[in-house]
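Just so you know, these numbers use all the heavy atoms, side chains as well, and skip hydrogens, waters and symmetry mates. Naming: A, B, ... by sequence-line order, numbering from 1 per chain.
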Amino acid sequence: MSRYNAREAEPRWRKIWDDAKCDRATRDEDRRKYYVLEMFPYPSGRIHIGHTRNYAMGDVVARYKRARGFNVLHPMGWDAFGMPAENAAMERGVHPGAWTYDNIAVMRDQLKLMGLSIDWEREFATCDESYYAQQQALFLDMLDRDLVYRRESTVNWDPVDQTVLANEQVIDGCGWRSGAPVEKRRLTQWFFRITAMADELLDAIDTLESWPDKVRLMQSNWIGRSSGLEFDFALHGAADDETLRVYTTRPDTLFGAAFCAVSAEHPMAKRFGAADPTIDAFLTECAAMGTSEEAIERAEKKGVRLPIDAVHPFEPSRRLPVYVANFVLMEYGTGAIFGCPAHDQRDLDFARKYQLPVTPVVAPDGLDADAVTVGDEAITGAGRMINSSFLDGMTVEEAKDAVIARIEQAGSGDRKVNYRLRDWGVSRQRYWGCPIPIIHCDSCGPVPARRDSLPIRLPEDVRFDQPGNPLDRAEDWKSVPCPLCGAPARRETDTMDTFVDSSWYFARFCSPKAETPTNAKDVDYWLPVDQYIGGVEHAILHLLYSRFFARAMNDTGHLPEKAREPFRALFTQGMVCHETYQAADKRWLSPEEVERTTQANGAAVAVERATGDVVAIGPSVKMSKSKKNVVAPEDIIEQFGADTARWFMLSDSPPERDVEWSTSGVEGAWRHLQRVWRLVLQAEESAAASVEDAGPSLKAAHRAAAAVTEDIEAFRFNRAIARLYELTNAIAAAPLAEPGRGDAVGVLIRLMYPFTPHFSEEAWSRIAGRRSSGPQMLAESPWFEPKAAFLVDDTLTLPVQLNGKKRGEITVSTAASDDEIRAAALALDSVVKQLDGAAPKKVIVVPKRIVNVVA
RNA sequence: GCGGGUGUGGCGGAAUUGGUAGACGCGCCGGAUUCAAAAUCCGGUUCUGGUGACAGAGUGUCGGUUCGAGUCCGACCACCCGCACCA
């Protein structure tokens, strides 16, 4: 019997679809649209398994929705700016653009092999001039609306390479290339005013009903709206009227305050640092700590005393020592706090280290004031105020209000809402990004580029063999006249964060060639995105920035109001993980470079193929280029075809869960296709059945159709596939002559189509050849609708439990009454035996579920 | 450190959301076919005891609620993701 030949059939069907323009999306106001989008890839060089899983999911949705009659937009592009291209330029001397476009060419071919129903006419890369030109226009529009501004902020600085380092490039406080200790530097940078929309971004989370709860929760926590008090401490030992402004979310604990602390970047810290070498040394130490919140919060709590005291606002005789502390964030609140050790863990750690008093001021409910003691753990729960003068006896909430009222009355502070969310710094001191359209003039300051001067193109003639940003050295490019006064001026040499590129690409896909950022009719028809699919690792930043951008683009007239929330539904797929390999010299090795074996004692051993040296096997983590634990899908496609790869990747693991990559199991998918193919060859011979004489396999097919449809709608692809396996088993077990067996095979193929499109088309063309009417191509066929008559059952099997333990089962008519079911259950041999003549205490009949006899 | 998640056979996982734990796939074991192999087909496969019908245990750990808990509640353990200049 001949086998299904994927190698021959797959390219043939791709050509047929292409010629028929099946994947082309055209605006048509008379048709219902459906916009499905997977997060676009960074062109790192090769497609990896994580990508293919993502795009296979999107393609199932796209093909299914098309069959359901929707006008589907399913585009693809490239998130093409970023550091790896510059690293390649430094390491290999290639231009970042050439490297990127070469990668795109390779990856496009790889993606096309998967048979994704993508409208490739809409493809673009964010490094295309036609894209970033529009991004520059958006930047200027946002500047006009005061959504963009400039201020100082801190970066990691590598003093040897003379470059800013990303947090991931800082390893143990040193630069990843130079190994030199990292310093902090203040640079004036451009910011998007995302905090101006913090309230809206937070409140609108409630409307995102088709987003996963966990993502909504993470976004809420990230925005972190908190209500508290901002107020001034009078200072003792400082200049006459100098005060220290602090922010607290726990004004109730003010009587428990033991100290005040300012961030190492606080102006006051700097001023005292300049005068005192001990303080200065501590500030230097803090500067080496890195800028990530994780590094700051994980570091041992430390501080240095400043030569001033803060005066307690309610007890002027009390003086609180003021420290510079490494755990106070300059970016949050005012960069200064008061510490209440009894009720905040960080403050407690700090107080224990410097022997500061720990006074509890909140007694947990049920505890007397005398009974409250603080050990190693701060008391953070609710309770009643103690040791707190006029607050004693109040609840925490009452005390907060009382303190705020007093401070406001005294005029030394105000109730204040704060956000954990910070404004979005977008300046990057790198070449391979979208140039910021600003010109710096000595007399006019920073001046927006004129609209008719856009795009500001990246200069081609640059070198990467010297430290620093090549744009700084591009004198010809940099020198331009000031747009306002005409005097010699300089271009801004910072480029934009690549997150900006990915914050509006979904809108650009609606009209990728428009001369403006968007085209009103197109975005009005296609947006919002109906289904967005991507990695859960983007749950916060990318999705929040996109939500901000959609609003900013609505405010600047580029998007309709209804697209202020850009993604109606979100699905976050799990990551594809693989164990990691690291040589003794700390080089990461890819799975291909490693020979992995299992010893007799069960221990895994890996050696580097090239050298034979033993390498360390690390934990299985998200596949990433930096750890090189990436597996290429080409081999599987080459050997078994795209359909096998797609089927396998969507079977087994639930889509939202991480999957540990393994090669076993691919053969199972391949076997399944061949098995179905044999059924197809048999079905070519069989006659069609009617509803009346349909056998069990056709009934099973209709039931499977109902279940698979539901599973696809709910993103349960693994379950849909399990159902299709069951249907295949049912058909294979049916006699060849069973009426409707051939029709059942037809249903199976159509249900498989979103997963295995080439295979299903090929199989369908065999079966459909004997049919006279209807579309011949599944790509243009409607979805299979099961007949209700096939879905009903007249009997039902119920498990019977005795005291919650299963003892047997009964089969009853679906119309049977509870009494009949009870009688049938009590008549069961096993039940009779266990009851041993005694009457049951109780019999619980749960309709259509279970019977439980309580003895 | 903070925020979010996950935990079920040898493995990936299923379980209509409080109602038959282990669907489906992988792997493994046995058999058929074959000169042999590949491919295919049939049967078995949570663990323990028993030839067997069957009995007992069992969803990371400990405790609780319930006629009934993988599912709900409390305390813990392990692993994974994010933490703002990786994309």
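Of the listed nucleotides (B:A21, B:A57, B:A23), B:A57 has the atom at the smallest distance from the side chain of A:Lys805. Residue A:Lys806 places its side chain closer to B:U20 than to any other of B:U20, B:C85, B:A55. Considering only side-chain atoms of A:Asn167, the nucleotide from B:C85, B:U20, B:C41 that sits closest is B:C85. The side chain of A:Arg657 has B:G7 as its nearest neighbour among B:G7, B:C67, B:A87. Of all nucleotides listed (B:A23, B:A14, B:A87), B:A14 comes nearest to the side chain of A:Pro654. The side chain of A:Arg675 sits closest to B:C41 out of B:C41, B:G25, B:G4. Distances were taken from every side-chain heavy atom of A:Asn221 (C-beta onward) to each of B:U17, B:G4, B:A84; the shortest belongs to B:G4. Taking only side-chain atoms of A:Asn852, from C-beta outward, the nucleotide of B:G19, B:U20, B:A23 with the closest atom is B:G19. Residue A:Pro799 places its side chain closer to B:U20 than to any other of B:G25, B:U20, B:U40. When each of B:U20, B:C85, B:G3 is scored by its nearest atom to the side-chain atoms of A:Met218, the top-ranked nucleotide is B:G3.
The shortest distance between the side-chain N/O atoms of A:Arg723 and the OP1/OP2 oxygens of B:U16 is not below 4.0 Å. Remark: A:Arg849 is not in phosphate contact with B:G68, judged by side-chain N or O atoms under 4.0 Å from OP1 or OP2. Side-chain N/O atoms of A:Thr498 include one lying less than 4.0 angstrom from OP1 or OP2 on B:A87. OP1 or OP2 of B:A14 has at least one side-chain nitrogen or oxygen of A:Asn718 nearer than 4.0 Å. Contact annotation: A:Arg428 side-chain N/O to B:A87 OP1/OP2 distance is not under 4.0 Å.
Between the side chain of A:Gln429 and the base of B:C85, at least one donor-acceptor pair of N or O atoms lies under 3.5 Å. Remark: the A:Glu537 side chain and the B:C83 base include no donor-acceptor N/O pair separated by less than 3.5 Å. A donor-acceptor contact under 3.5 Å is not formed by the side chain of A:Glu293 with the base of B:C83. Residue-to-nucleotide contacts include a donor-acceptor pair under 3.5 Å from the side chain of A:Arg430 to the base of B:C85.
The separation of B:G63 from B:A55, taken at their C1' atoms, amounts to 28 Å, rounded to a whole angstrom. Nucleotides B:A14 and B:A69 are separated by 22 Å at their P atoms, to the nearest Å. For the P atoms, the distance linking B:A21 with B:U71 amounts to 14 Å, nearest Å. Comparing the same atom, P, in B:G25 and in B:G70 gives a spacing of 25 Å after rounding to whole Å. For the C1' atom pair drawn from B:G43 and B:G56, the interatomic distance equals 27 Å after rounding to whole Å. The separation of B:U34 from B:G44, taken at their C1' atoms, amounts to 23 Å, rounded to a whole angstrom. Atom name C1', nucleotides B:U46 and B:G9: the rounded distance is 4 Å, in whole Å. Rounded to whole Å, the separation between the C1' atoms of B:A75 and B:G27 comes to 38 Å.
As rounded to whole Å, 12 Å separates atom C1' of B:C85 from atom CD of A:Glu86. Rounded to whole Å, atom P of B:G1 lies 16 Å from atom CG of A:Leu329. Rounded to an integer number of Å, the gap from A:Glu38 CD to B:A87 C1' is 17 Å. Rounding to whole angstrom units, CG of residue A:Asp344 and C1' of B:C2 are separated by 12 Å. A:Ile171 has its CD1 atom 17 Å from the P atom of B:C85, to the nearest Å. Whole-Å rounding puts the A:Leu650 CG to B:C26 P distance at 16 Å. One atom, CD1 of A:Ile223, and another, P of B:A84, lie 17 Å apart when rounded to the nearest Å.
A:Leu421 comes within 4.0 angstrom of a nucleotide base, judged by non-hydrogen atoms across all strands. Looking at heavy-atom distances under 4.0 Å, A:Arg807 makes contact with sugar-phosphate atoms alone, never a base. Across all strands, A:Trp424 comes closer than 4.0 Å to no nucleic acid atom at all (heavy-atom distances). Using a 4.0 Å heavy-atom criterion, one finds that A:Leu217 contacts the sugar-phosphate atoms exclusively. Counting non-hydrogen atoms under 4.0 angstrom, A:Glu710 reaches nothing in the nucleic acid. When heavy atoms are screened at a 4.0 angstrom cut-off, A:Ser427 is found touching base atoms of the nucleic acid. Residue A:Val155 is in base contact, counting any heavy-atom pair closer than 4.0 Å across all strands shown. Across all strands shown, A:His538 has heavy atoms under 4.0 Å from base atoms, whether or not it also approaches the sugar-phosphate. Within the nucleic acid shown, A:Arg346 has no heavy atom closer than 4.0 Å to any nucleic acid atom. Using a 4.0 Å heavy-atom cutoff across all strands shown, A:Gly224 reaches no nucleic acid atom at all.
The aromatic rings of A:Tyr505 and A:His542 sit tilted, their planes meeting at an angle between 30° and 60°. Using cut-offs of 30° and 60° for the angle between ring planes, the A:His51 and A:Tyr55 rings count as parallel. Ring geometry for A:Trp424 versus A:Phe192: interplanar angle over 60°, hence perpendicular rather than tilted (30 to 60°). Classification of the A:Tyr4-A:Trp677 ring pair by plane angle, with boundaries at 30° and 60°, yields tilted. Classification of the A:Trp647-A:Tyr725 ring pair by plane angle, with boundaries at 30° and 60°, yields perpendicular.
A:Ser502 and A:Asp79 form no side-chain donor-acceptor contact under 3.5 Å, judged by distance and modelled atom types alone. A:Arg177 and A:Asn87 are linked by a side-chain donor-acceptor pair at a separation below 3.5 angstrom, with hydrogens and angles left out of the test. Using a 3.5 Å distance cut-off with no hydrogens or angles, the side chains of A:Asn718 and A:Ser651 do not pair a donor with an acceptor. In the model, A:Gln189 has a side-chain atom that pairs as donor or acceptor with a side-chain atom of A:Gln429 under 3.5 Å.
Both tests hold for A:Arg151 against A:Phe191: distance to the six-membered ring centre under 6.0 Å, angle to the ring axis within 45°.
Within the shown strands, B:G31 is the pairing partner of B:C41 under the Watson-Crick or G-U definition, both distances less than 3.5 Å. Using the Watson-Crick or G-U wobble rule with both distances under 3.5 Å, B:C72 pairs with B:G64. Pairing for B:A84 is absent, judged as Watson-Crick or G-U wobble with the two contacts each under 3.5 Å. Under the Watson-Crick or G-U wobble criterion, with both distances below 3.5 Å, B:U46 is paired with B:A57. Nucleotide B:G10 is matched to B:C26 when pairs are restricted to Watson-Crick or G-U wobble geometry with both distances under 3.5 angstrom.
Annotated as anti: B:U48, whose O4'-C1'-N torsion sits more than 90° from 0. Regarding the sugar-base torsion, B:G31 falls in the anti class, its angle being beyond 90° of 0.
Comparing A:Phe499 and A:Arg298 against RNA chain B, the residue whose closest nucleotide sits nearer the 5' end is A:Arg298. Mapped onto RNA chain B by nearest heavy atom, A:Tyr545 and A:Ala669 fall at different nucleotides, with A:Ala669 at the one closer to the 5' end.
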